[in-house]
Amino acid sequence: MHFPSKANLLRPVNIAPKRAAEQHCLSLLQTCTSLSHLTQIHSLLLKLGLQHNPPVLTKFTSTSSTLNAIHYASSLLFSSNDNITHYDAFLFNTVIRAYSQTSSHSTAVYYYKLMLKNGVLPNKFTYPFVLKACACVGRLSLGEQVHGSVIKVGFDNDIHVGNTLVHAYGCCGGGIGFARKVFDEMPEWDSVSWSAMIGGYARLGMSSEAVGLFREMQVARVRPDEVTMVTVLSACTDLGALELGRWVESYIEREKVPKSVELCNAVIGMYAKCGDVDKALNLFKKMSEKTIVSWTSVIVGMAMHGHGLEAVSLFEEMKEDGLVPDDVVFIGLLSACSHSGLVKEGRRYFNSMLEGFGIVPKIEHYGCMVDLLSRAGLVKEALDFVQKMPIEPNQIIWRTLIAACRSHGELNLGESITKQLIRDEPMHESNYILLSNIYAKKSHWEKKTKIREVMEKKGMRKIPGSTMIELDNEIYEFVAGDKTHNLYKEIYEMVDEMGREMKRAGYLPTTSEVLLDIDEEDKEDALNRHSEKLAIAFALLKTPPGTPIRIVKNLRSSIIGKQKRSERPG
DNA sequence: ATAGGGTTAG
């Protein structure tokens with residue numbers, strides 16, 4: 001005869017108190033705010049044998065004192081005398097995730113390596129955690145190392161792992177090709193996979209690739225979600241593709257894509273930077289939950305299009321709204337002051353950063369101030385400001401100052417600073433162009449020719465200026481002298497016709513400097529204008545009369561309105 | 001217990 005043993009009979013009875021104890025510990029952890037409190041809970045957990053309990057461990061990262069929780073969890077790792085159990089991967093995962101969440105990415109990676117060293121096999125949750133940390137560290141070799149492990153352990157077909165792998169490679173310098181390879185070889189794709197890849201392109205400024213991939217996503221019939229739309233919008237913003245941006249917004253409405261704060265901010269940023277400032281402001285005002293990023297987006301947009309005063313009053317409104325300014329919004333605000341000549345206000349705001357908000361100004365803020373003083377013609381003051389800065393000035397700051405020297409006649413000062421810059425960074429081509437420009441302004445043609453020769457000897461080539469234009473959901477890019485377009489003959493005929501029309505309308509080309517050896521920057525301008533002409537001619541050919549034409553150059557767009565359009569012959 | 005996103009000086 002066989003009766004169940006006493007122990008077996010008792011077991012169901014024992015489970016209940018254990019569950020109750022677990023619940024008790026969870027609620028204790030919920031309210032845990034200090035290390036001493038955590039230590040008390042720790043001893044209780046040990047007494048109850050719950051120190052490796054998964055729900056309890058998970059709770060750690062959501063306590064108000066995540067850092068204390070990490071210390072506790074890591075101490076468990078080191079003090080554990082138990083045999084390796086299936087909880088060990090869990091324990092490591094908890095620690096890796098916790099460090100990753102507190103921006104200690106290198107430490108998170110350290111624990112991942114410790115895990116491998118101890119012979120603990122990572123599971124399918126480990127890789128998304130550790131790859132997130134790899135993405136933030138941004139080192140390609142590290143990404144490749146983890147990728148190797150993913151393949152070895154056999155998680156390369158897991159969609160979560162694949163998606164984070166795409167993301168991590170996309171965040172590592174030089175890793176975008178690897179990201180694409182992983183993406184192409186994935187057995188299946190969801191909206192997260194597509195967003196990760198599109199977002200990777202967008203982050204790098206490979207915006208045409210981003211938009212192209214979005215089209216492929218639609219062909220593949222994967223439904224984009226709000227995150228996908230954010231990545232596509234940031235590509236539109238970068239390209240200045242207002243029409244595509246408008247289409248994305250209507251898609252969001254039509255498909256009822258949930259509008260997260262991030263998505264609203266992306267839409268507002270797109271309109272603000274592509275030049276439809278009113279639309280951006282309208283949408284911004286209608287937003288129910290505005291974050292500091294929403295305010296920053298409109299302030300930067302206003303600054304960019306010369307509405308400095310509006311930017312300043314938006315900033316004041318933001319403070320009245322109870323939001324505390326951060327370092328980023330100050331960059332937008334100071335650049336607004338700079339672009340609108342608000343020297344006094346800019347100075348006041350700069351000083352208020354530390355005094356009023358305890359924000360230590362960074363190099364970007366100092367850069368804004370140098371720009372503010374320089375544009376206002378206060379070159380000597382700008383130099384003084386740079387010399388007294390508590391941070392080492394960077395090349396951007398020096399170049400801002402040099403440009404100010406050039407346009408405000410401080411040529412000797414500009415020359416000596418530029419020469420110093422070239423000594424520091426002999427392979428940076430824009431420094432040579434600056435020096436060449438200064439020689440031109442001084443009419444030192446021989447010296448200028450010499451600079452050009454030096455550049456040639458060093459194998460430096462100038463990147464040509466280009467103009468982009470958006471027509472029928474396609475983006476066309478033109479450089480000066482471009483003959484790659486199959487309509488180029490018609491385009492050049494149109495350019496000639498435009499010239500004749502402009503003359504007839506009373507336009508006189510500036511000829512005063514034509515006979516001189518015009519300086520490099522003016523030549524550059526002339527060439528840039530040439531690429532603009534090509535783009536405009538192309539648009540005139542392809543659109544009916546009266547259509548506004550919008551051209552885009554390096555994130556700045558200008559509108560050639562209907563009036564000018566009416567000059568169109570025929 | 002797992003993944004992708006919005007703002008940043010010239």
Side-chain angles (χ1 to χ4, degrees), chain A residues 54-55 57-62 89-91 93-94 96-98 100 122-132 135 155 158-168 170-171 179 183 189-200 202-203 224-234 237 260-270 272-273 291-301 303 326-339 346 350 361-372 374-375 394-404 430 554-555:
Chain A
L57 284 171
T58 310
K59 201 86 230 162
F60 282 154
T61 45
S62 52
F90 186 96
L91 196 51
N93 289 353
T94 310
I96 292 166
R97 182 179 60 167
S100 178
N123 62 20
K124 63 171 181 171
F125 300 110
T126 312
Y127 290 106
F129 293 148
V130 74
L131 282 165
K132 203 172 182 178
F155 284 122
D158 184 295
I159 194 159
H160 290 115
V161 176
N163 290 344
T164 14
L165 210 43
V166 170
H167 176 243
C171 290
F183 178 81
W189 300 268
D190 57 12
S191 69
V192 180
S193 331
W194 289 93
S195 308
M197 196 62 230
I198 297 170
R203 208 176 307 115
D225 61 17
E226 75 266 33
V227 181
T228 321
M229 299 327 273
V230 169
T231 62
V232 178
L233 279 166
S234 75
T237 308
S260 59
V261 194
E262 290 92 339
L263 183 52
C264 292
N265 291 341
V267 175
I268 290 169
M270 184 274 295
K273 285 207 182 133
T291 65
I292 185 94
V293 178
S294 326
W295 288 94
T296 307
S297 297
V298 279
I299 289 173
V300 168
D326 64 1
D327 54 335
V328 183
V329 77
F330 268 109
I331 294 173
L333 179 67
L334 292 175
S335 89
C337 294
S338 169
H339 288 293
F350 181 78
K362 293 203 283 204
I363 192 88
E364 291 92 336
H365 303 103
Y366 285 98
C368 288
M369 290 310 286
V370 175
D371 191 50
L372 177 84
S374 297
R375 276 176 201 260
N394 60 13
Q395 294 247 330
I396 298 173
I397 288 188
W398 287 122
R399 275 187 224 119
T400 306
L401 200 56
I402 293 164
S430 60
N554 303 334
L555 268 185

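All chains are named by letter (A, B, ...) in the order of the sequence lines, taking the proteins before the strands, and each is independently numbered beginning at 1. Only this structure's heavy atoms are used, side chains among them; waters, hydrogens and symmetry mates stay out.
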- Task: Mind telling me whether A:Tyr366 and A:Phe350 have parallel, tilted or perpendicular rings, with 30° and 60° as the class edges?
- Result: perpendicular
- Message: Using 30° and 60° as the class boundaries, would you call the ring planes of A:Trp189 and A:Phe183 parallel, tilted or perpendicular?
- Response: tilted
Nucleotide of [options] approaching [X] most closely (side-chain heavy atoms):
X: A:Asp225; options: B:dG4, B:dG10, B:dA3; value: B:dG4
X: A:Ser297; options: B:dA1, B:dT7, B:dG10; value: B:dT7
X: A:Asn265; options: B:dT7, B:dG6, B:dA9; value: B:dG6
X: A:Phe90; options: B:dA3, B:dA1, B:dG4; value: B:dA1
X: A:Thr296; options: B:dT2, B:dT7, B:dG5; value: B:dT7
X: A:Ile397; options: B:dA9, B:dT2, B:dT8; value: B:dA9
X: A:Thr231; options: B:dG5, B:dT7, B:dG10; value: B:dG5
X: A:Ala266; options: B:dG6, B:dT7, B:dG5; value: B:dG6

Below 4.0 Å: OP1/OP2 of [N] and any side-chain N or O of [X]:
X: A:Arg203; N: B:dG4; value: no
X: A:His160; N: B:dA1; value: no
X: A:Lys132; N: B:dA1; value: no
X: A:His167; N: B:dG4; value: yes

Within the structure shown, what part of the strands sits under 4.0 Å from [X] by heavy-atom distance: base, sugar-phosphate, or nothing?
X: A:Ser193; value: nothing
X: A:Asp158; value: nothing
X: A:Val166; value: nothing
X: A:Leu165; value: nothing
X: A:Asn93; value: base
X: A:Val328; value: base
X: A:Ser191; value: base
X: A:Thr291; value: base

Grab the [atom1]-[atom2] distance between [X] and [N] for me, whole Å please.
X: A:His365; N: B:dG10; atom1: NE2; atom2: P; result: 12 Å
X: A:Ile268; N: B:dG6; atom1: CD1; atom2: C1'; result: 10 Å
X: A:Asp326; N: B:dT8; atom1: CG; atom2: C1'; result: 9 Å
X: A:Ile198; N: B:dG6; atom1: CD1; atom2: P; result: 13 Å
X: A:Leu334; N: B:dT7; atom1: CG; atom2: P; result: 19 Å
X: A:Lys362; N: B:dG10; atom1: NZ; atom2: P; result: 16 Å
X: A:Trp189; N: B:dG4; atom1: CH2; atom2: P; result: 20 Å
X: A:Glu226; N: B:dG4; atom1: CD; atom2: P; result: 13 Å

- Between the side-chain atoms of A:Ser195 and the base atoms of B:dG4, is any donor-acceptor pair under 3.5 Å? yes
- Task: Check whether any side-chain heavy atom of A:Phe125 lies under 4.5 Å from a side-chain heavy atom of A:Phe90, and answer yes or no.
- Result: no
- Message: With no hydrogens and no angle check, just 3.5 Å: does a side-chain donor-acceptor pair link A:Ser294 and A:Thr291?
- Response: yes
- Message: Would the distance check show the side chain of A:His160 and the main-chain N or O of A:Lys124 forming a donor-acceptor pair, the cut-off being under 3.5 Å?
- Response: no
- Residues that A:Asp326 engages under salt bridge (Lys or Arg N to Asp or Glu O under 4.0 Å), provided they are two or more places apart: none
- Note on the structure: All heavy atoms of A:Leu334 vs all of A:Gly346, minimum pair found to be CD2-O, 3.6 Å
